[in-house]
Amino acid sequence: AMALFLAGAASAQSWDVYTNQENFFSVNFPGTPTVGQATHRTLKGVDLPAQIFTVTVPPGSRLTGTYSVMVVDYAKAQGETTTAVEHASDAIRTKGVVKYDAIENLDLHATRRLTIETPAGTRILAEILFAANGRLYISQAETSLQLPPPAQFQASLQVIDDKGQRIRTRTLLGLPEGSKQPLNAGGLADEPDKLADMMAGSWRVAGGSCATPY
């Protein structure tokens, strides 16, 4: 009876919104995270203070795995912001075989998005972004390859302001100069020519008469 009760409790694990005002972020966690202190070393070897928020879901659930968000304060390494995202990404790439690796757009913030398959038979979904508040956010979900990827966790990270409001201002920070975001929701601030070409020309519905751009 106890085994059945524990199995039922594990399978009932569900998502909840976690907000941390001190570090200006919110994310969907499958439980209440533990909070720990950490140190993040930059590319040039500067040790920066960080906090890590972690939820571990035990076996027996569709959400079994480890979910974490690390927040690194770059106030003491402002000259290294353009290498912050790629340096953090390199550390994650060493954990296994890279299955997806691209600059993407999360809530209008440019991010590095990774999918890694590890020798232990797990999948890591990672999202790394640098926000205008001078913080590096590294989210990782590590779950079994036999379970559905927890895309909800990966996509839920949001940067908030000092009033707890979601920030949706397009940013391209923490990445090497010349990096570009993909054409995505909210338009494309750094590729106006490409967007203009997509809108140019004559548009006509089959059988219709409209021949000028709308």
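Treat the numbers as computed from the prediction; the structure is a model and nothing was measured. Scope of the values below: all heavy atoms of this structure, side chains included, with no hydrogens, waters or symmetry mates.
When all heavy atoms of Y74 and E80 are compared, the pair lying nearest together is CE2-O, 4.1 Å. Shortest non-hydrogen contact noted between I52 and A38 is CG2-CB, 4.5 Å. The minimum heavy-atom distance between D162 and F24, with the atom names listed, is CA-CE2, 3.8 Å. When all heavy atoms of V72 and A50 are compared, the closest pair comes out as CG2-CB, 3.9 Å. The minimum heavy-atom distance linking V57 with P30 is given by the pair CG2-CG, 3.8 Å. Among all heavy-atom pairs drawn from T171 and H109, the shortest one is OG1-ND1, 3.0 Å.
The closest side-chain heavy-atom distance from L129 to D107 is not below 4.5 Å. With a 4.5 Å cut-off on side-chain heavy atoms, I128 and I92 count as touching. Here the side chains of P150 and L125 are in contact, with some heavy-atom distance below 4.5 Å. Within the 4.5 Å cutoff, the side chain of T82 has no heavy atoms near those of the P176 side chain. Put simply, the side chain of T42 reaches to within 4.5 Å of the side chain of L48, judged on heavy atoms. Residues L136 and V85 are in side-chain contact: their nearest non-hydrogen atoms beyond the backbone lie under 4.5 Å apart. Residues F53 and N23 are in side-chain contact: their nearest non-hydrogen atoms beyond the backbone lie under 4.5 Å apart. Between V71 and Y137, the closest side-chain pair of non-hydrogen atoms falls below 4.5 Å.
The closest donor-acceptor contact from the side chain of Q51 to the backbone of M70 lies at 3.5 Å or more, if one exists at all. Side chain of Q21 to main chain of D161: a donor-acceptor pair is present (N/O by atom type, distance under 3.5 Å, no hydrogens or angles). Distance alone, capped at 3.5 Å, places no donor-acceptor pair between the T122 side chain and the T143 backbone. Looking at D73, its side chain does come within 3.5 Å of a backbone N or O of A75 through a donor-acceptor pair. Formation of a donor-acceptor pair under 3.5 Å by the H87 side chain with backbone atoms of R41 is found in this model.
With sequence neighbours left out, E86 forms a salt bridge (charged side-chain N to carboxylate O under 4.0 Å, His left out) with R93, R112. Every residue two or more places apart in sequence or in another chain that forms a ring pair (Phe, Tyr, Trp, His ring centres under 6.0 Å) with F153 is listed here: F29, Y67.
Screening residues 123-145 for salt bridge (Lys or Arg N to Asp or Glu O under 4.0 Å) gives R113-E127 as the qualifying pairs, with residues at least two apart or on separate chains.
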